[in-house]
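Computed from a predicted structure; not experimentally measured.
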Number of protein chains: 2
Amino acid sequence: MSSVRAFVGQPAADIETPALVIDLDAMERNLTRMAEFAKAHRVRLRPHAKTHKCAALARLQMAAGAVGVCVQKVDEAEALAAAGIGDIYLSNEVIDPIKLQRVATLAGRIRLAIAVDSALGVERLAAALAHAGTRADVFVEIDVGHGRCGIAPVAAGALAHQVVSNGLAFAGLQAYHGRAQHLRGAAEREAVIRHAVGLARAAQASVSAAGLECRLVTGAGTGTFVHEAASGLYGEIQPGSYLFLDRDYADNEPSAGAPRFEHALFVKAQVMSRGVSHAVVDAGHKSHAIDSGLPKVWQRDLDFANGGDEHGILRTRAGSAAVLPELGDAVWLVPGHCDPTVNLHDHYVGVRGGLTAGVVETIWPIEARGGVR
Amino acid sequence: MSSVRAFVGQPAADIETPALVIDLDAMERNLTRMAEFAKAHRVRLRPHAKTHKCAALARLQMAAGAVGVCVQKVDEAEALAAAGIGDIYLSNEVIDPIKLQRVATLAGRIRLAIAVDSALGVERLAAALAHAGTRADVFVEIDVGHGRCGIAPVAAGALAHQVVSNGLAFAGLQAYHGRAQHLRGAAEREAVIRHAVGLARAAQASVSAAGLECRLVTGAGTGTFVHEAASGLYGEIQPGSYLFLDRDYADNEPSAGAPRFEHALFVKAQVMSRGVSHAVVDAGHKSHAIDSGLPKVWQRDLDFANGGDEHGILRTRAGSAAVLPELGDAVWLVPGHCDPTVNLHDHYVGVRGGLTAGVVETIWPIEARGGVR
């Protein structure tokens, strides 16, 4: 594992590269804007910690009003719980009995919720909790059009009934449309979520028909939360990326009524080789994830081309007056996708006062980095 | 950081998922075949440890005849040196004075070599080594057509002269064509390397004209090493991926005369949600890198579709008799690209006796995981 090569009080200009850097001022504005949005729209905010994987950031979110956090993996739940986070929702299915033992043990230490989408999952979860003598809130996940996890909305009542029959606490519906987050057009996203809300209402009706109360519908991400919040159905939203705003989300046409978020996560890189018409930086896709496209160069009119695992290639744009950076110069990259970029690093370097003139204020461990189990 | 959830003696079927698993039998055959190739063709073998980032594997390669290993980052060199690897070539440029201090310190503990491609890089390296009172072999990197790092071949003599003028040990030429490795056609790769060899000869002539001896030309990767080895010019080859053979390399048309390599690196995944016509596994691109495309499902006639950071979606192919796996079933994924996949994990789980019926024989830490600086 790599050690962090930055220290509190260090000028941002001196942080060794590549480094994962948070612009603390921008991040805090994002944090506040989302908290205010949730408050104004009377929805609970449970940010997704799969984005940041960091207890310090989860604590800041909760201090600003979040009811707790979501995670996708048992590893993440364990890592955040060990670092003091006391209210975690595992918004994903677990079918492995060994992992369910871990879930059940953890449920004895914090307030834990989990999603299910199969009878087998319910039975195994019930067995694990019974064996450990612990309890967890259980959400039935429905497929609202993503086509990944979740049962058909009309089947929600039957599975909720099974949850209760197995002695578990049915807490509501998990209804998340992942792909909708990244549709570029605002109208397109709104239409997809309108359809999703209709499916979630059908699921709610199915639960009612089974004689059960659906106390909460939870879901939504950074690309669509304004629509779930406006639905009158969703009681909780789960955005994660708003905290950092990656290049991919910034490429979305903004939704009406959404707070303005700013880029707050950067990979600092350095030119380590220089050709006549290109510069090579020391950050490739071992430093930033490229599943959602390449990073952009922050506040410089330069194109970033894929240079492989360890390099990035910078060129000036045709017709641009921009000057290629020189050997040793720093550039700041806005990652294409924040979540898997964070997962490549062991620490955040938090900078106060801007990227160029600022100073390192904090270094936060990314406790759940690599926590895929 | 995630803990490993496997143990020596455990049946492979029981390894908790997602897990990065080595088929030790296949890996050792790859190891031996490459070592035999290098011996038969009288070239030194210096495998690239950017692939595996693991001291145990570097040791096995050296025990089989490798002269040492290459790395791309100072972090990697430090991590492997700390774990006992004594001969490391940093086949990349370092321009940051702080990093060069680290290089100079390390050069006092192991046999170290490094690449340069600029006068500034030479001056700073010389200053750091002089300050530390240590020495390193210095290779001048030339651009043989990749268009990333390296100077023009005709400029090699002048830079080699600068190396010597600065009191450094000029050791030869670094001449690697990264993009050539992944060209699909065997003839296409051969043609590109023929051109690269021509450029390397021009660089060698430039060095001779500067009155210096070029003792070694080093380079090559898993896709092209047969051509560099046959060139009569390259004295050392640097393949890395041969050890694991990822999906991308297996998609190459084989080169005549190349040893046959086998898939030896897998991500074990588990079905954790099951629809009518698709199954969802617990491994997405936080478990396997997708920069070179999606993984393939090993020995099953199933298509793997991108399910995002934490999920993969399996479907049967139209017309195929394959059956979708059930909830809880394991599947083994062959990563699209081994190097950045390894960089997502903290441990290898080494299995002996095959993936299905085998047993965990070893667990190796990936010491340089995340070592991007």
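Both the backbone and the side chain of A/Lys99 come within contact range of chain B, each with at least one heavy atom under 4.5 Å from a heavy atom of that chain. Neither the backbone nor the side chain of A/His146 comes within contact range of chain B; no heavy atom of the residue lies under 4.5 Å from a heavy atom of that chain. Both the backbone and the side chain of B/Asp291 come within less than 4.5 Å of a heavy atom in chain A. For A/Leu344, the parts sitting under 4.5 Å from any heavy atom of chain B are the backbone and the side chain alike. The contact between A/Asp309 and chain B is made entirely by side chain atoms (from C-beta outward), counting heavy-atom distances below 4.5 Å. Of the two parts of A/Glu310, the backbone and the side chain both hold a non-hydrogen atom closer than 4.5 Å to a non-hydrogen atom of chain B. At a 4.5 Å heavy-atom cutoff, B/Val116 makes no contact with chain A through either its backbone or its side chain. Interface residue B/Gln72: only side-chain heavy atoms are found under 4.5 Å from chain A.
Comment: A/Arg274 does not engage B/Asp117 in a salt bridge, judged by the lack of any side-chain N to carboxylate O separation of less than 4.0 angstrom.
Within the model, atoms OG of B/Ser292 and CD1 of A/Ile290 stand 7.5 Å from one another, a figure rounded to the nearest 0.5 Å. The NE2 atom of B/His285 sits 6.5 Å away from the NE2 atom of A/His337 when rounded to the nearest 0.5 Å. Distance check: B/His278 NE2 to A/Cys149 SG gives 7.0 Å after rounding to the nearest 0.5 Å.
Comparing A/Arg124, A/His345, A/Lys50 by how many heavy-atom pairs each has under 4.5 Å with chain B, the most go to A/Lys50. Of all the listed residues (A/Asn92, A/Asp14, A/Leu120), the one sharing the greatest number of non-hydrogen pairs under 4.5 Å with chain B is A/Asn92. Contact tally against chain B (heavy-atom pairs below 4.5 Å) for A/Ile151, A/Ile98, A/Val276, A/Asp339: the top residue is A/Asp339.
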**Report entry** Chi angles and distances behind the side-chain contact (heavy atoms from CB on, under 4.5 Å) call for A/Lys286, B/Lys53
**Finding:** CA-CA 12 Å; A/Lys286 283 181 183 169; B/Lys53 290 175 169 273; 3.7 Å; yes

**Report entry** B/Asp75 vs A/Arg5, side-chain contact (heavy atoms from CB on, under 4.5 Å): CA-CA, chis, key distance, verdict
**Finding:** CA-CA 11 Å; B/Asp75 276 351; A/Arg5 300 193 174 275; 3.8 Å; yes

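In plain terms, the two heavy atoms of A/Ile313 and B/Gly147 that are nearest each other are CD1-O, 4.0 Å. When all heavy atoms are compared, the tightest approach of A/Ser273 to B/Gly150 is OG-N, 4.0 Å. Across every non-hydrogen atom of B/Ile95 and A/Val271, the tightest pair is CG2-O, 3.3 Å.
Here A/Ala83 pairs with A/Ala55, A/Glu367 under the side-chain contact (heavy atoms from CB on, under 4.5 Å) rule; sequence neighbours left out. The side chain to side chain donor-acceptor pair (under 3.5 Å) search around A/Asp96 returns none, not counting sequence neighbours.
When the options B/Arg373, B/Lys73, B/Arg102 are evaluated for a salt bridge (charged side-chain N to carboxylate O under 4.0 Å, His left out) with A/Glu16, the one that passes is B/Arg102.
With hydrogens and angles disregarded, a donor-acceptor distance shorter than 3.5 Å links the side chain of A/Arg148 to the backbone of B/Gly307.
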